[in-house]
Amino acid sequence: MNTEAAIRRSRLRDVFLAQAAVSNSETAHAISEMRWYPVREPVSENRYAVLRVKTRSGLTGWGECAQAPEQDAKALEKEWLGKPATLYAAIDRSAPLAAALDMALLDILGKACGAPVYRVLGGPTRHKVRAFTRSNVAAFSAVEIQAPKPAARNQGKAYENQVQALLKQLPADRDFVLSAHGSLTPGDAASVAQSVETYHPLWFDEPCAASNVEAVRKISGETVTPLGFGRGIADPGAFLALLRDGLVDVVRPDIAQWGITGARSIAIMAEAYYVAIAPNHDGGPIATAAALHLAASVPNFFIQHVPLPDAPEDRAMRAALLSAASTRLETPQDGFLQLPLGPGLGIEVNESALEKYHAA
Amino acid sequence: MRRRSFLTISGAGLAFAHNNPRRAAFPDCGCAMAPPQPQARGSLAGFDRLQSGLKVTGMKVFGVSLTRNSDRPYVFCKLETNQGLVGWGEGTLEGKAGATMACIEDFRDFIIGADPMQVEHIWQSMYVHSFYRAGPVMGSAISAIDQALWDIRGKAMGVPVYKLFGGPLDPRGVRGYYHADGVRTPEALAKLRETAIGLGVSCFKTGIPAYYEWIETRNKISAAVKSMQVLRESLGPDIDIAVDFHAKTSPSVASILVKEVEPLNLLFIEEPCPPENVQAMAKIARRSTTPIATGERLVALYGCRELIEMGVVDILQPDINHVGGITGLSKVSQMAAVSGISMAPHACEGPIGGLATLHVNSAMPNFVVQEICGQIQPGPTDKIWEEWLGFPAMRMVDGRFPLAQKPGLGFELSEASLAKYPFGGTRPMARVFHEDGSVAEW
């Protein structure tokens, strides 16, 4: 190395190492503790799990995902203890619990920045969040209608009539999502999709399994009823394939599988195809909060599913998990949920309720 | 609820626009599609309770010519807020400085009065409500404003911008490359190798000599191949080499070259043909194992979609000063990441865009390397940047660009320091012609 270069190099080092020293001393937000709470709704027996992350600086972040084996939680703890809690870009998206960790780290980052998560991410892009649920509750914008189980396969007209009978019970101006959970044959799915066109469903959700791309192509080619897919899709490439071929109208990444960041990546991909997201959500109220922040940080969001249970005991549990200040989180007004205002996810989790509803 | 009510039309776009006395009522163009009169507050009143309290109060646009005849006067944008925080952004567009500056001005109504924290919302409004979508001029204008908004956002939240993206993935900084233009002889390249190893620099990029016609002669093909062979022979196996064709080759000529140099294990070949026709680039890419990079001329996610979905490119190179700023670059990188494509962002303009891009890079899991148009020995431009910013901006330490530690984009810049380099007007980029006088790509 020539002398000039040596001098310059040492000068650069002086400038930047001094700065780096400052940043390395900033380990305040290092993760000091992770705790995992599997819970279960008493009547529906719906299970999910809550992750609590604490930092040396005294911040607490909350996340939620589907239940996973205790050893996965231990592995996550081993990997992340001592690391900066602000480093959400470093999360391995394929790891179990990645979604919960993503929410918890964004919760902490928001609290460290004194801003709601949607503001950290560049939002809000909207000031309220359209919502639907399975029960026909007037406060929600729309209702999810389960397509009945066909009496036999490939029933054609008979099955169409069965579905239409169900839709005729709805008030004419009640918006709905027709949901088949991937259970129909391509033929039944395509003919039903066509026969409900004039009812204007918001979309037909999972008429067949998304993994069967050629069946999806057949259905999409025979109807203008919008199609929604996303439940169970764990690979972004599967979303890209559906989007590229114009086979999907509503993209539905599961908030408890993708977290805020992963679902946002899928939303970004969908944005390039002028397609909106309507994230799947079958878990608890912490994931609902995460979904609200996601909705307010992307431009192409349409509606959020809220898995409101029917039994009062289950609803009581959801209410108990959050502190009193957050209880209206899942209660829409005029069809829309309100965005949380506080820093991070803007919720306070009631730890005694996590113990009470613990279900390993 | 009726579906129709899902659409609340607000012609004004953003709540504050109606306060602007310069904004006339919506002109009646007789077009049936014209939206109704903007509602004074409309559906935007709902944002009131979600505001951060920060408001953009001022916008200044600067043209900065380092030399009188520079074809790329820097286009900088400074946003001021009601709380004293300011943000800087860059939208330098070579050969089109005046148009870009005017386009930033055209967005004034979108910005003044806005909550700078709502960068995604503002970005969408600028892009969508411009109706015609964005080409490079509008893309660069949006980029400048977007970067300045992110600078303010980081400062308001007290963190460097990369923290808002969940970075840094590598606290040592962001790997980069210098240009090795004009270094052609084995001796000069050997010396470059020695300096690079001493400094920890692990990657270079250079071009290919001459200009190329639609179909090329044996001599020109051989010379081009040889120019790349000598790079590998002289720089050795452990330095990454990228070669920029700069779209001066046709798909037919590029296909031959890209295939011939397969044994050289280049990091990538950049812009083997012009960017408008993805099929043409696909034809080049699918007949070679040499990684293909492109993207510096593309605007927004939309501009990169086809390249990604067709699996044409291995590496995308959007430029933060054209693609739509930090928001645009981040979105392209995220779509690329979930599609298995890597990122090597372009930067060949001023220091603000360069520094801004480092923030986004540092949180990209699919990041490869960052460009800077400087040489391994600092030049006069590097000196001016240091004079402006107080540190050697976009110079590497051990092969990496160090990351800012201060909030926002991590620098301070005074208007006074720019005044030494007044705007010298828009100047065209180079105009190159073939032997027969016809127009050549360069």
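These numbers come from a predicted model, not from an experiment. Each chain gets a letter, A, B and so on, in the order its sequence line appears, and its residues count up from 1.
You'll find the side chain of A:V120 reaches within 4.5 Å of the side chain of B:M157, heavy atoms only.
Shown here is A:K83, whose NZ atom has more than 12 heavy atoms of other residues, nucleotides or ligands within 6.0 Å. The number of heavy atoms from other shown groups lying within 6.0 Å of CD (B:E387) is above 12. By the 6.0 Å contact criterion, CD on A:E197 is enclosed, its count of non-hydrogen atoms from other residues, nucleotides or ligands being greater than 12.
A:A272 and B:R305 get closest at one heavy-atom pair: O-CD, 3.4 Å. A:A89 and B:A363 make their closest contact through CB-O, 3.6 Å (heavy atoms, listed as atom of the first residue, atom of the second, distance). Across all their heavy atoms, A:M269 and B:S339 have their closest contact at CE-OG, 4.2 Å.
Using a 4.5 Å cut-off between heavy atoms, B:S52 touches chain A through backbone and side chain atoms alike. Contact of B:V159 with chain A is made through the side chain alone, with heavy-atom distances under 4.5 Å. For A:L341, the part sitting under 4.5 Å from any heavy atom of chain B is the side chain, from C-beta outward, and nothing else. Neither the backbone nor the side chain of B:R172 comes within contact range of chain A; no heavy atom of the residue lies under 4.5 Å from a heavy atom of that chain. In this structure, the portions of A:L87 lying under 4.5 Å from any heavy atom of chain B include both its backbone and its side chain. Interface residue A:Y274: only side-chain heavy atoms are found under 4.5 Å from chain B. The part of A:A115 that comes within reach of chain B is its side chain, from C-beta onward, which places non-hydrogen atoms under 4.5 angstrom from that chain.
Among the candidates B:P168, B:A156, B:A337, the residue making the largest number of heavy-atom pairs closer than 4.5 Å to chain A is B:P168. Interface check for chain B: of the options A:I91, A:L243, A:L339, the most heavy-atom pairs under 4.5 Å are formed by A:L339. Highest contact tally toward chain A, considering only B:V119, B:L50, B:T327, is held by B:L50 [criterion: heavy-atom pairs under 4.5 Å]. By number of non-hydrogen pairs under 4.5 angstrom with chain B, the leading residue of A:P116, A:G122, A:P236 is A:G122.
Atom CG in A:N300 sits 7.5 Å away from atom CD in B:Q124 (nearest 0.5 Å). With rounding to the nearest 0.5 angstrom, the CD1 atom of A:I266 is 10.0 Å from the CE atom of B:M335. Taking NE2 of A:H127 as the reference point, atom CG of B:D48 lies at 9.0 Å (rounded to 0.5 Å). The line from CZ of B:F165 to OG1 of A:T86 is 14.0 Å long, rounded to the nearest 0.5 Å. Between the OG1 atom in A:T261 and the CD atom in B:Q334 there is a gap of 8.0 Å [rounded to 0.5 Å]. Atom CG in B:L301 sits 9.0 Å away from atom OH in A:Y273 (nearest 0.5 Å).
Proximity of a side-chain donor or acceptor of B:H121 to a complementary backbone N or O of A:A296 within less than 3.5 Å is not detected. Proximity of a side-chain donor or acceptor of B:R153 to a complementary backbone N or O of A:R119 within less than 3.5 Å is detected.
Close approach to chain B, defined as a heavy atom under 4.5 Å from one of its heavy atoms, is seen in A:L109 of residues 99-112 of chain A, taken by number.
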